[in-house]
Amino acid sequence: MLFVALMILPGIFGAHMYVLIWLSRRRDGLLARQRETIASFQVTATDTDWPVVTTQLPIYNEVAVVERLIDAVAAIDYPRDRHEIQILDDSNDATRDVIDRAAWRWRDRGVDIKVVRRSNRTHYKAGALAHGVTTARGEFIAIFDADFLPGPDFLRNLIPLALVDAKVACVQGRWGHLNRDETWITRAVALGMDGHFAIEQPARAWNGMLLNFNGTAGLWRRSAIDAPGVGGWSGDTVTEDLDLSYRAQLAGWKIVFHLDAEAPAEIPADVNALKAQQRRWATGSIQTARKLLGRVWRSPLPLSTKAEATLHLLGYSVNLWMLLMAVIGQPLLWIGDPDLMTAWFGVTSAIVVFAAIGPSLAYMLARRRLTGKWPRASTLIGLITVGFGLSVNNGLAVINGWFTRGGEFVRTPKSGSAGAARGVSRYRAVRSRVWAIEIVLGVWCVAQWVI
């Protein structure tokens, strides 16, 4: 039965992806209404109708990309007296000098831009955001990570969707890709991210499910962040964005997703940087699940919403099941009753194949919906390879998430890559000794295959 469980559990997540594909079918009426709301407000609103927005830029040692970020945000088309920029700088290297020069340059041009520094990095990004809110003058808080480049119309496209309903806590835009064609890894990861933003987020947002703010390229209503039952930014998980999103929605607030609002960002091209990013996401999502799943199931939400939220928060655990399948799946066949194994093998194999096709189909449809073109087979194979390659890294992060609270926010080093040009980061990604386990597991899998 252990063998059957190992095969069926990943199948549940695969079936979940088919459901999300179905739920994410283009809602032309909904998208049309969003576009109409935006266009109508933009045409009729005067400068005084636009609410005050504080754009927060949480920064820690990002010398390669911080100046272009500041330039992009300062150039956003929004009434100047209603747009405040806060650079939340926790840096301790040359990034500080770059920030000071850029801020002075834009302040000299009349832009309301402030540099906010703390005496320590308590709670990392969550702490910086919470500290900035205490002095922010905006009714809404926009957030951009260091490697993002929002377009001039980003705020004007999101604000109308936030104003249409007083219970909208957050409007999330879509991530684009600055360096998708830099390496085969960036092409693969870009395809995976497209699956999240063109399949998963629309499915949840358009069907009343719980979705997440992605930590950047979005807009928060300030009053929702510290509202009763929400409690503000918290550092007890390393995915403060997911944590706050769920707490806000459980308290009755809404999150809106706008597929058209794209802000491109840099994809990690370095394997160790990608691993660091994935470790943080995997650990934090499980920490959030441990923290909030009880509240989800005690809430008055529909059963279908609770079930989807559970699969959402536990999504990274599929890496652990993949890891266990690789380690003990074949030995269980050797030691089990031959007749029983023969009876179950066909069924469980079909489940595994069924589960494996679901994500691949989602990624293909996502790219088709966003670009009108199907992804290349090599890109899909690359994504599958990256997914399997990260299973040890992410599986161990899942275990860590179950047994830890909070932790260091290990930021992903940026190189300033754009287009197909290869960038070189001056920061080294955090390395672990997981590679040794990966090699041993690879040899073990090859041995099983040969046998």
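Only this structure's heavy atoms are used, side chains among them; waters, hydrogens and symmetry mates stay out.
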Would you call Lys275 and Glu438 a salt bridge, taking side-chain N to carboxylate O under 4.0 Å as the test?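 Yes, charged N to carboxylate O under 4.0 Å.
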Tell me whether Lys125 is salt-bridged to Asp90, with the criterion being a basic N under 4.0 Å from an acidic carboxylate O. no
Begin from the C-alpha positions of Arg35 and Asp260 and carry the test salt bridge (charged side-chain N to carboxylate O under 4.0 Å, His left out) through to its verdict. CA-CA 9 Å; Arg35 292 164 182 160; Asp260 293 345; 2.6 Å; yes
Kindly say whether [Y] contributes a backbone atom to a donor-acceptor pair with the side chain of [X] at under 3.5 angstrom?
| X | Y | value |
| --- | --- | --- |
| Gln172 | Ala217 | yes |
| Ser317 | Leu320 | no |
| Thr283 | Arg280 | no |
| Asn207 | Ala203 | yes |
| Thr134 | His131 | yes |
| Arg221 | Val168 | yes |
| Ser245 | Asp241 | yes |
| Asn319 | Gly395 | no |

Would you say [Y] and [X] are linked by a side-chain donor-acceptor pair, where the criterion is simply a distance under 3.5 Å?
| X | Y | value |
| --- | --- | --- |
| Asp236 | His123 | no |
| Trp184 | Thr379 | no |
| Thr239 | Thr288 | yes |
| Glu84 | Thr54 | yes |
| Gln34 | His258 | yes |
| Asn393 | Arg279 | yes |
| His177 | Glu266 | no |
| Asn61 | Asn92 | yes |
| Asp153 | Gln42 | no |
| Thr122 | Asn120 | yes |
| Trp233 | Asp226 | no |
| Thr404 | Gln287 | yes |

Determine whether [X] and [Y] make a side-chain contact, defined as any pair of heavy atoms from C-beta on separated by less than 4.5 Å.
| X | Y | result |
| --- | --- | --- |
| Cys170 | Trp253 | no |
| Leu274 | Val271 | no |
| Thr305 | Val296 | no |
| Leu88 | Leu57 | no |
| Thr55 | Leu155 | yes |
| Arg222 | Glu139 | no |
| Pro79 | Arg156 | yes |

Minimal non-hydrogen separation, [X] against [Y], with atom names:
| X | Y | answer |
| --- | --- | --- |
| Gly11 | Ala355 | CA-CB, 3.5 Å |
| Tyr316 | Val398 | O-CG2, 3.4 Å |
| Asp81 | Arg137 | O-NH2, 3.0 Å |
| Leu210 | Ala309 | CD1-CB, 4.0 Å |
| Thr95 | Val66 | CG2-CG1, 4.0 Å |
| Gly195 | Tyr363 | CA-CD2, 3.9 Å |

Can you tell me how far CH2 of Trp281 sits from CG of Asn214, rounded to the nearest 0.5 angstrom? 8.0 Å
Interatomic distance, Asn212 atom CG to Asp243 atom CG [nearest 0.5 angstrom]: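 Reported value, rounded in 0.5 Å steps: 11.5 Å.
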Looking at Arg117, Lys114, Arg107, which hits salt bridge (charged side-chain N to carboxylate O under 4.0 Å, His left out) with Asp100?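 Output: one option passes, namely Arg117.
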In this structure, are over 12 heavy atoms from other groups packed under 6.0 Å from Trp402 atom CH2? yes
Working note: Glu62 + Leu69, criterion side chain to side chain contact (heavy atoms under 4.5 Å, CB included); need CA distance, chi angles, decisive distance, verdict. CA-CA 10 Å; Glu62 298 287 6; Leu69 166 68; over 6 Å; no
Given the rule in the side chain to side chain contact (heavy atoms under 4.5 Å, CB included) test, do Lys254 and Asp165 qualify, once you have shown the distances and angles that lead to the verdict? CA-CA 9 Å; Lys254 302 175 184 177; Asp165 185 346; 2.6 Å; yes
Residues forming a ring-ring contact (aromatic ring centres under 6.0 Å, His included) with [X], sequence neighbours excluded:
| X | answer |
| --- | --- |
| Phe140 | none |
| Phe257 | none |
| Trp50 | Phe41, Tyr78 |

Show, in sequence, the C-alpha distance, side-chain angles and deciding distance for Arg105 and Glu67, and conclude whether the salt bridge (charged side-chain N to carboxylate O under 4.0 Å, His left out) test is met. CA-CA 11 Å; Arg105 174 163 48 86; Glu67 186 169 12; 3.0 Å; yes
With ring-ring contact (aromatic ring centres under 6.0 Å, His included) as the test, would you mind laying out the steps for Phe154 and Phe144 before giving the verdict? CA-CA 11 Å; Phe154 195 85; Phe144 296 101; 5.3 Å; yes
Show your working on side chain to side chain contact (heavy atoms under 4.5 Å, CB included) between Val171 and Ile255 and close with a plain yes or no. CA-CA 6 Å; Val171 183; Ile255 296 182; over 6 Å; no
Which one of Arg369, Arg204, Glu200 satisfies the side chain to side chain donor-acceptor pair (under 3.5 Å) criterion with Ser24?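 That would be Arg369.
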List the steps and the verdict of side chain to side chain contact (heavy atoms under 4.5 Å, CB included) for Leu361 and Ile21. CA-CA 8 Å; Leu361 179 60; Ile21 291 172; 4.0 Å; yes
How about Tyr246 and His312: are their ring centroids closer than 6.0 Å?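 Ring centroids of Tyr246 and His312 are less than 6.0 Å from each other.
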Establish, yes or no, whether a centroid distance under 6.0 Å links the rings of Trp175 and Phe148.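 Yes, the ring centres sit under 6.0 Å apart.
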